[in-house]
There are 2 protein chains.
Amino acid sequence: MKDERYERILNESGRIFQTYGIRNVSMDDICTTLGISKKTLYQYVNNKADLIFKILEAHHEVYRQFIQDQLDQGGNAIDIMLAVDSFVCSEMKNYTPDNIFVLKKYYPEVYQAIFEMKRTSILEGITANLNAGIRDGLYRKDLDVDLVARMFVKNLEEIHQLEMSSSDNSYEKIFGTMYDHHIRAIVTPDGLEYYEKKKQRQ
Amino acid sequence: MKDERYERILNESGRIFQTYGIRNVSMDDICTTLGISKKTLYQYVNNKADLIFKILEAHHEVYRQFIQDQLDQGGNAIDIMLAVDSFVCSEMKNYTPDNIFVLKKYYPEVYQAIFEMKRTSILEGITANLNAGIRDGLYRKDLDVDLVARMFVKNLEEIHQLEMSSSDNSYEKIFGTMYDHHIRAIVTPDGLEYYEKKKQRQ
DNA sequence: ACAATGGAAACACTTTTCGTTTCTGTTGTT
DNA sequence: AACAACAGAAACGAAAAGTGTTTCCATTGT
C-alpha cells in the first residue's frame, strides 16, 4: 500500500494545502490536481482528516529520521544540537498561524495526535543528547535530565504559541537564543570552551 | 461614518484575515475579536464581501497616496521609480496564493474591482513618471508612453501570477530585475549615467 | 466477451457560515 | 422612576460549500 501513488498523494496534497490553505482546498480540488477520482483517493485515505494526519505524520517522520540519524552517528552532543537547531526551526515554520488555527478548530484530534507525536520525539531526542553529553564530559553530571528535557520542550511550545508568520525571521533569532541558553546552562567548562569555539567558527 | 470604530474594524479585520486566512475567519470571529456584536458590524458593512472590499480598498489607498506623494514632490523621475520599487514589492507580498485563490473563487467581483483599481493607479503613475522623465531629459523622447506603460503593467501582472509565497525573497529579485530592465530600456545616456551612479550608491 | 479498474460526475447528506432578528442589559434624558 | 436609544450575546432560518458515497461509462487486460 505504500506505493508511488500514495507517496504522490501525500506530497502533492501537502504542497497545495500549504500553498492555498487546508480549508480552501477541497477533496475535489485535490483529485483534480492529482488527476485521480475521489473513489481512488478514498482507497488511500478514510477522509479529509485522515489525509491531513497522514501528510503531517509523513512530514514528521522525515524530521524524526533526521534526528535519529544524528543520534546514531554518535557524534559530539553539542554538534548534534547545533545540527538540529536550524532543521527544527524550519520544520516549525510550516506551522503558520492559519494552519494551526484550522487544525485546532476543525481537526482537533489530528492536532492533538501530531503535536503529541512531536513532543514525544523531542523529549526522547533531548534526553538522549543530555545523557550522551554527560557521558562525554560536555554536560554537567549534576543535571536533572528529566527536568531539563521537559523544560526544553516547554520552551519550544511557548515559542510555538507566539504565532509568528513564516516570513518573520524572528523565529530564527528567538529559536537560536533558546538553543544558546539551553546549551550554556548545561555545559561543563570543557563543553563551554568547545561550544564557544564552535560558535566563533560560524 | 468614517469614525474611529470604522477604522478599527477595517484594520483589525484586515489583520486577522491576513493572519488566519479570509475563509477561516468568520464574521462571528471578527465580532468576538473586536468586542462588538454582528448587528453593530453590519451597520458599517453590507456583508463579508463588502468588508473585504473595504479593507483592500483602504489598503490600496495608502499605497496610492504614497505614489501620489512621490509624484507631487516633483523629484527626479528615476529617484521616484527607485523609491516606489520596494514599496510596491512589499504591497504585492500581501497577496499570497491562498488569498488570491479565495478572492478569485468566492469573491470574484471584489477581486476584479481591486485589481482594476490597482491597475489603473499603476498605469497612471507610470505614465506620469514617463512624461516627467522625458521632459527632464532622463528618458528618451521617442518613447511610446502609452505602450511602455502598458507593458510595465503587463509585466507586473505576470510576476503576480507566479504564485510565490510571501516568505520567498525571489519576489525582490524578480521585481528588482523588472524595474532595472524597465529603467535601462527607457533612459537617455544622461539618465543612464544618473541611474548607474545611484545604483552604485546602494 | 467478460472482469477489473479508474475517472467523471451525480447524489444525499452534513457542516459551517451568513445575514437577520430577538432578547436583554446599560446608559442617558426627562 | 419611566422611557428611549443603543449595543452585545445569542438564537434563528437560509444558503452555500464541501463531504463521502454511488453510479455510469470508458478503457485495459485476460
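Chain A is the first sequence line, chain B the second, and so forth, proteins listed ahead of strands; every chain is numbered from 1. Computation of the quantities below employed the complete heavy-atom set of this structure, encompassing side-chain atoms and omitting hydrogens, waters and symmetry-equivalent molecules.
- Paired with A/Ser121 under the rule side chain to side chain donor-acceptor pair (under 3.5 Å), one option of A/His60, A/Gln68, A/Arg64 passes, and it is A/His60.
- Rounding to whole angstrom units, CG of residue B/Asp28 and P of C/dT20 are separated by 14 Å.
- The OH-C1' distance, from B/Tyr107 to D/dA17, rounds to 12 Å in whole Å.
- One finds no side-chain N or O of B/Arg23 lying less than 4.0 angstrom from the OP1 or OP2 phosphate oxygen of D/dA16.
- Phosphate proximity of D/dA7 to B/Thr40: absent, as no side-chain N or O sits under 4.0 Å from OP1 or OP2.
- In this structure, B/Ser37 does not reach the D/dA9 phosphate: none of its side-chain N or O atoms is under 4.0 Å from OP1 or OP2.
- Counting any heavy atom pair closer than 4.0 Å across all strands shown, B/Lys48 reaches sugar-phosphate atoms only and no base atom.
- The nearest whole Å value for the distance from the CZ atom in B/Phe17 to the P atom in C/dT17 is 12 Å.
- Following rounding to the nearest Å, A/Lys38 (NZ) and D/dT22 (P) show an atom-to-atom distance of 13 Å.
- Remark: C1' of C/dT16 and CG of A/Asn24 are 14 Å apart, rounded to the nearest angstrom.
- For A/Phe152 and A/Tyr179, the distance between ring centers is under 6.0 angstrom.
- Counting to the nearest Å, the P atom of C/dT14 and the CG atom of A/Asn47 are 15 Å from each other.
- Between B/Arg15 and B/Glu12 there is a salt bridge, with a side-chain nitrogen of the basic residue lying less than 4.0 Å from a carboxylate oxygen of the acidic one.
- In this structure, A/Ile22 and A/Lys39 both approach DNA chain D, and ranking their closest nucleotides by distance from the 5' end singles out A/Ile22.
- Using a 4.0 Å cut-off between a side-chain N of Lys or Arg and a carboxylate O of Asp or Glu, B/Glu193 and B/Lys197 qualify as a salt bridge.
- In this structure, CD1 of B/Ile9 is placed 11 Å from P of D/dA7, rounded to the nearest angstrom.
- Ranking C/dG6, D/dT21, D/dG18 by closeness to the B/Lys105 side chain, first place goes to D/dG18.
- For the pair A/Gln43 CD and C/dG6 C1', the interatomic distance rounds to 8 Å; values are reported in whole Å.
- For the pair B/Arg184 and B/Glu196, the salt-bridge criterion is met [side-chain N within less than 4.0 Å of a carboxylate O].
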